[in-house]
Amino acid sequence: MKMDKTVYMSFSTDLIHGGHTSIIQKAASLGKLTIGVLTDEVVSSYKRFPVLMYDERVKLLESIKGVEKVVPQTALSYAENLRVLKPDYVVHGDDWVMGFQKPIRDEVIEVLKEYGGEIVEYPYSQHKDYVKLERSQREQLSMPDVRRGRLKQLLEMKPLVSIIEAHSGITGLIAEKTTVLQDGRTYQFDGMWCSSLCDSTSKGKPDIELLDMSTRFRTVDEIMDVTTKPIIFDADTGGLAEHFVYNVRTLERMGVSAVIIEDKTGLKKNSLFGTEVEQIQDSIENFCVKLSAGKHALKTKDFFIIARIESLILEKGMEDALSRAFAYVNAGANGIMIHSRKKDPAEIFEFCTKFRAKNTITPLVVVPTSFNSVTEEEFAKRGVNIVIYANQLTRSGFPAMQEVAKTILTHHRAKEADDMCMPIKEILTLIPEDY
Ligand code: SPV
Ligand code: MG
């Protein structure tokens, strides 16, 4: 080892195999090696939820021969650590020369230029055994017992959890995999919302609790089959308390992380109709009975029952919304969802401030379909913990398909619609085969 030189590598993996140890040995032969361990938040926002959490990964890497020091790396970008540590070399596999991580590599080269450091790249080992190992980790994450508690873990890890609607295997995959790299940070959705509106719409039915629970669970199962992220299930009113307890148990057993029920009764209509249609709010007493019955039915501490308050939707006022929120928490609700259909977020903000003045711990959930100008950062400042983008995939997919259908009808052939469609080659390889 050249004792006067220093080397830096970054690690996100929780699965150390021969490929990693061999590159670590090569890096260590260049000088004193520091490893930057990506924090849990970074790993889960670009790859997958870690099977071994940050502290465990640190211990694992510290124990490898040749590793001098382990430090946290709080973004995918190396810039911050490189400017502090000024290593002579940054070592990486050559897989980042192209593709998603290329901008990160470009930035490393720029920062190294500032003080005369060098990049050293070794051929990336994509041995089929390592690929298999990674796949088995992912499969592990999709198992019900591992998956169920993930929402709770995320809430402990992040100030704000962002969730997007999914209503099929393919929309589940979009929710699971879509990644954006922006200013050295990566962003992914944290989980999926199994929306009653979108599930019903995808089956050509109105959102009036018409789909039976077996059909709704079938959708959940379809999503679960191909994804690993936590799922929040929209159970509408939850039905009768006597039925709700059974459905809660099924959802918990399936590995769903949370259910949200709204405090309405009778024939439920979608909240975004507001007072344009007749909708009846449940009494506080009845709804609390349903919440506590659901809580008693649970077998684990991982599953959340979240109460959704419809007072603002039904124009019953802020005081009603707040008194319901505190009553529902007392009845055992693990979280409160406050809904509004106003474009102006003022009433949502007022609710958050007044709720947080008395309760600083219960997670708050919002669905900003109407008040969509508010950023996640702003919601987090107001004390919100979960943001659900409840219907955007359905609302974007539908007009795109309708436009293509119209184009084919107009031209009596498909040629003119071709540019609007994903190329055949891409659709054939969109979902890689496992075997
Ligand atoms: C859903 O997505 O089905 C919801 C949210 O319940 S909302 O449509 O805004 O009522
Ligand atoms: Mg719904």
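Counting starts at 1 for both ligands and their atoms, following the listed order. Since the model is a prediction, treat every value here as computed from it, not as a measurement.
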Assess, by modelled atom type and distance only, whether the side chains of [X] and [Y] contain a donor and an acceptor separated by less than 3.5 Å.
| X | Y | value |
| --- | --- | --- |
| T186 | S45 | yes |
| Q73 | Y8 | yes |
| S196 | D207 | yes |
| T201 | R395 | no |

Q | Within-4.5 Å side-chain heavy-atom neighbours: I348 and V374 | A | no

Q.
Quick check: do F304 and I386 have side-chain heavy atoms less than 4.5 Å from each other?
A. no

Contacting atoms of ligand 1, where contact means under 4.0 angstrom from a heavy atom of [X]:
| X | answer |
| --- | --- |
| A390 | 2 (O) |
| L272 | 8 (O), 9 (O) |
| S271 | 10 (O) |

What about [X]: any of its N or O atoms under 3.5 Å from an N or O on ligand 1?
| X | value |
| --- | --- |
| C198 | no |
| T369 | no |
| N391 | no |
| E262 | no |

When you look for heavy atoms under 4.0 Å from ligand 1, do you find them on the side chain of [X], its backbone, both, or neither?
| X | answer |
| --- | --- |
| D234 | side chain |
| M337 | neither |
| H339 | side chain |
| N270 | side chain |

Q) Going by the angle between their ring planes, with limits at 30° and 60°, are Y389 and F189 parallel, tilted or perpendicular? A) perpendicular

(Q) Once you measure the plane-to-plane angle for H92 and Y78, does it fall in the parallel (<30°), tilted (30-60°) or perpendicular (>60°) bin? (A)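 Taking Y78 first and then H92, their aromatic rings sit tilted (interplane angle of 30° to 60°).
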
Q: Decide if atom CD of E377 counts as having more than 12 heavy atoms of other residues, nucleotides or ligands within a radius under 6.0 Å.
A: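 Result for CD/E377: open.
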
Q: Return yes when atom CD of E276 has more than 12 non-hydrogen atoms of other residues, nucleotides or ligands closer than 6.0 Å, and no otherwise.
A: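 Yes.
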
Q.
Looking at ligand 1, would E165 count as a contact under a 4.0 Å heavy-atom criterion?
A. no

Q. Is the Mg ion (ligand 2) less than 2.8 Å from an N/O/S atom of S195, whether that atom is in the backbone or a side chain?
A.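 Within the cut-off used here (under 2.8 Å), S195 places no N, O or S atom near the Mg ion (ligand 2).
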
Q. For atom 10 (O) of ligand 1, which protein heavy atom lies nearest, and how many Å away is it?
A.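 For atom 10 (O) of ligand 1, the nearest protein heavy atom is R308 NH2, 2.8 Å.
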
Q: Could you check atom 2 (O) of ligand 1 against the protein and tell me its nearest heavy-atom contact, residue, atom and distance included?
A: S195 OG, 2.8 Å

Q: Give a rough value, rounded to 10 degrees, for the angle at the Mg ion (ligand 2) between atoms OD2 of D234 and OG of S196.
A: 90°

